[in-house]
Amino acid sequence: MQFIGYRRCSTCRSILDLLRQKNVAVNVRDLKQDPPTADEIRAWHEASGLDIGRFYNTSGLSYRNGNIKERRASLTLDEQYALLGSDPMLVKRPILVDGETVLVGADVRRFAEAADAPKRRVVTPGKSAGK
């Protein structure tokens with residue numbers, strides 16, 4: 001299971017803490033350090049069944065300063081994937097990917113709150129899995 005978030009995002013940190021408390025195994029990916037590609041966003045979007053609008057971080061500065069709300073109306077899906085892939089701060093977070101299951105934003109929190117998994121480790125790149 002992959003948790004895609006941003007280390008400076010308080011929502012991501014609180015959800016990741018909740019997953020750790022519940023001993024849910026996730027590999028953590030910081031979207032600022034390892035941004036998703038347009039192809040990854042396409043795959044996540046298609047697997048999720050969600051409207052593409054759910055993948056935008058509408059409260060972020062990149063979204064507001066770039067007038068994305070107005071621009072999106074005239075963009076094709078491919079152009080939106082490219083746009084999201086061009087600026088990781090446009091991407092809604094966190095995203096949880098488990099095989100063909102993709103959860104975005106508040107859906108990840110609901111999953112974490114309902115999780116009752118056996119003991120597992122959370123692995124964060126650059127840190128020992130035993131800590």
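Atoms considered below: every heavy atom in the structure, side chains included; atoms not considered: hydrogens, waters and symmetry mates. Source: prediction; values computed, not measured.
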Please report the interatomic distance [atom1]([X]) to [atom2]([Y]), rounded to the nearest 0.5 Å.
X: Leu19; Y: Met1; atom1: CG; atom2: CE; answer: 8.0 Å
X: Glu79; Y: Arg71; atom1: CD; atom2: CZ; answer: 10.0 Å
X: Asp30; Y: Cys12; atom1: CG; atom2: SG; answer: 8.5 Å
X: Glu46; Y: Tyr81; atom1: CD; atom2: OH; answer: 5.0 Å

Check whether Arg13 reaches the backbone of Arg8 with its side chain - one donor and one acceptor, N or O, closer than 3.5 Å.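 The answer is yes, because a donor-acceptor pair under 3.5 Å joins these two groups.
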Is there a path from [X] to [Y] through hydrophobic residues (I, L, V, M, F, W, Y) whose side chains come within less than 4.5 Å of each other?
X: Ile41; Y: Leu50; value: yes
X: Val26; Y: Trp44; value: no
X: Ile4; Y: Leu16; value: no
X: Phe3; Y: Leu31; value: no

Contacts under 3.5 angstrom, residues 87-104 side chains, donor-acceptor by atom type, not counting sequence neighbours:
residue : atom : partner : partner atom : Å
Asp87   : OD1  : Met89   : N            : 3.0
Asp87   : OD2  : Ser62   : OG           : 2.8

With side-chain contact (heavy atoms from CB on, under 4.5 Å) as the criterion, how do Arg42 and Asp78 come out once you've worked through the C-alpha distance, each side chain's angles and the decisive distance to 0.1 Å? CA-CA 8 Å; Arg42 174 193 309 276; Asp78 286 338; 2.7 Å; yes
Pair Asp107, Arg110 - check salt bridge (Lys or Arg N to Asp or Glu O under 4.0 Å), show working. CA-CA 5 Å; Asp107 294 339; Arg110 283 190 284 278; 2.3 Å; yes
Checking Arg109 against Ser14: is there a side-chain donor and acceptor pair closer than 3.5 Å?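 A pair is found: one side chain offers a donor N or O, the other an acceptor, under 3.5 Å apart.
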Note: Arg29-Glu40 ion pair, threshold 4.0 Å (strictly below):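 Salt bridge: yes.
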Might you work through the side-chain contact (heavy atoms from CB on, under 4.5 Å) test for Arg7 and Gln33, ending with a clear yes or no? CA-CA 10 Å; Arg7 66 180 175 81; Gln33 293 176 349; 4.1 Å; yes
I need the minimum non-hydrogen distance between Arg72 and Ile52, along with the two atoms involved. NH2-CG2, 4.0 Å
Can you name the closest pair of heavy atoms from Phe55 and Leu84 and give their distance?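 Heavy atoms of Phe55 and Leu84 come nearest at O-CD2, 3.7 Å.
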Passes side-chain contact (heavy atoms from CB on, under 4.5 Å), Leu83 versus Tyr56? Steps please. CA-CA 10 Å; Leu83 178 62; Tyr56 283 92; 4.0 Å; yes
